[in-house]
Amino acid sequence: MFNSISNNFGAGQITFKDYQAPNYVVLNAKVTFDPTNPDYQACEQLEITVPDLTIDRSTVGGVFIRFEETQHYSWGDSIYDGGTVLKSWIKDKNTIVVEKQPWFDQNGPLILYFVTMYAQLNQGANTIKGTRQRLTVTTEGDYLRFSYDSFLVVFDHWVFMHLQFSSCAYAYRDSPWEATFEELPADVTAEVPVPGGGNQFHQNCFGMGECHLENKIFTMDRRVAGFWDTGREPFAFAFLVRDTNE
């Protein structure tokens, strides 16, 4: 774990959970910033200055960006949270870059999620091999289900996770969710973005929620109104650092 030195978009100090190998880096962080601040308005791309990394430049990785929005109606509230994926890369051993796309600036504050692997650019290395494990999900009454495409690949210091939501009992669709991920290591703790679902109020993007993982337990309390819209299947895709790293 380390703290950023500075950034050029007014986000304050950022704490990263990390695993660093000679030819790749896995980083986890959740960063909130105000897109109306002068630093963000002035920058051409988002840059974070950090202590020395083990790699000095990387291939492009994905960083999720999200906003939260609730509309209030006479019959109740409706959630229209949305977001997208931004290109990100390590420019040099002290600089992490995220592309700037001001599509959602009017919906701030905005949240960045680093659940990202950065691979060293133009450097060969011996391949590490992991075993895909199908994810077993248990809930009380079996009300929440994930597809067979949900799986984990577990390494000593980090985990790759792919979730694909399948169905939920109608009575629980608007309730907080809690499930046990049997194969997920207990030392993974993270906030993970959940893209997908229709967003009627923001037609230029899908919905995007957030789930929490801790001690094998998955929780998700807030979901976009169109979460189960046909053809917009919610999912999660994340590289997650294990808490056992020194």
Side-chain angles (χ1 to χ4, degrees), residues 9 11 29-37 40-41 46 61-88 98-116 135 137 139 141-150 161-179 181 190-213 217-238:
F9 57 102
K30 178 181 175 181
V31 184
T32 301
F33 68 96
D34 180 0
T36 66
N37 79 71
Y40 175 81
Q41 292 292 320
L46 282 56
V63 169
F64 294 87
I65 190 167
R66 171 175 174 254
F67 62 87
E68 294 184 345
E69 182 172 324
T70 303
Q71 294 290 329
H72 305 284
Y73 302 101
S74 59
W75 46 264
D77 295 342
S78 193
I79 295 172
Y80 298 105
D81 302 350
T84 190
V85 184
L86 301 176
K87 295 178 182 178
S88 178
V98 180
E99 69 170 326
K100 181 178 178 180
Q101 294 286 0
W103 309 325
F104 305 138
D105 287 359
Q106 70 275 14
N107 300 314
L110 300 177
I111 307 167
L112 291 172
Y113 295 87
F114 291 83
V115 284
T116 310
L135 185 63
V137 180
T139 60
D142 195 28
Y143 67 83
L144 181 63
R145 297 185 178 183
F146 292 80
S147 82
Y148 289 112
D149 291 327
S150 298
M161 180 184 73
H162 175 262
L163 303 179
Q164 188 76 53
F165 291 79
S166 177
S167 64
C168 178
Y170 187 81
Y172 290 87
R173 287 201 169 189
D174 296 323
S175 302
W177 290 345
E178 180 176 307
F181 287 0
E191 281 77 44
V192 178
V194 180
N199 197 325
Q200 184 178 3
F201 208 76
H202 295 278
Q203 295 290 332
N204 59 340
C205 68
F206 280 5
M208 187 177 291
E210 175 191 288
C211 68
H212 181 75
L213 302 173
I217 303 299
F218 157 94
T219 54
M220 188 174 184
D221 298 339
R222 181 182 175 92
R223 295 175 295 279
V224 68
F227 191 86
W228 297 110
D229 283 5
T230 301
R232 303 193 177 190
E233 290 82 359
F235 67 96
F237 181 101

Practice prompt. Among T32, N37, T36, find the residue that satisfies the side-chain hydrogen bond (donor to acceptor under 3.5 Å, both in side chains) test when tested with D34.
Written response: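 So, applying the side-chain hydrogen bond (donor to acceptor under 3.5 Å, both in side chains) to D34 and each of T32, N37, T36, only T36 qualifies.
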Any side-chain heavy atom of [X] within less than 4.5 Å of one from [Y]?
{"X": "L213", "Y": "F181", "value": "yes"}
{"X": "E99", "Y": "L46", "value": "no"}
{"X": "I79", "Y": "E69", "value": "no"}

Worksheet item: Name the one of F235, F165, F206 that satisfies ring-ring contact (aromatic ring centres under 6.0 Å, His included) with F227?
Response: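 The option that passes is F165.
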Discussion item. Aromatic contact between Y170 and Y143, with the criterion being ring centroids under 6.0 Å apart: yes or no?
Written reply: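 Judged by ring-centre distance (under 6.0 Å), Y170 and Y143 do not meet the cut-off.
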Discussion item. Please confirm whether the ring centroid of H202 lies under 6.0 Å from the ring centroid of F104.
Written reply: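 Between H202 and F104, the centre distance exceeds or equals 6.0 Å.
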Item to complete: Could you walk me through whether K30 and I111 pass the side-chain contact (heavy atoms from CB on, under 4.5 Å) test, one step at a time?
Response: CA-CA 7 Å; K30 178 181 175 181; I111 307 167; 3.8 Å; yes
Practice prompt. Please confirm whether the backbone N or O of Y172 pairs with a side-chain atom of W177, one donor and one acceptor, at under 3.5 Å?
Written response: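 Side chain of W177 to backbone of Y172, a donor-acceptor pair under 3.5 Å: yes, one is there.
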Worksheet item: Partners of P193 by side-chain contact (heavy atoms from CB on, under 4.5 Å), sequence neighbours excluded?
Response: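 P193 satisfies side-chain contact (heavy atoms from CB on, under 4.5 Å) with F64, Y113, V115, M208 once adjacent residues are dropped.
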Worksheet item: What closest approach, in Å, do V63 and S88 show between heavy atoms, and which atom pair accounts for it?
Response: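 Residues V63 and S88, closest heavy atoms: CG2-CB, 3.4 Å.
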Worksheet item: Looking only at heavy atoms, what is the nearest atom pair of Y40 and K100, with distance?
Response: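 Shortest heavy-atom separation between Y40 and K100 comes out as O-NZ, 2.6 Å.
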Discussion item. To the closest 0.5 Å, what do you measure between OG1 (T219) and NE2 (H212)?
Written reply: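 Nearest 0.5 Å value for the OG1-NE2 distance: 5.5 Å.
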Worksheet item: Roughly how far, to the nearest 0.5 Å, is OG of S78 from CD of Q200?
Response: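 So the CD of Q200 and the OG of S78 are separated by 7.5 Å.
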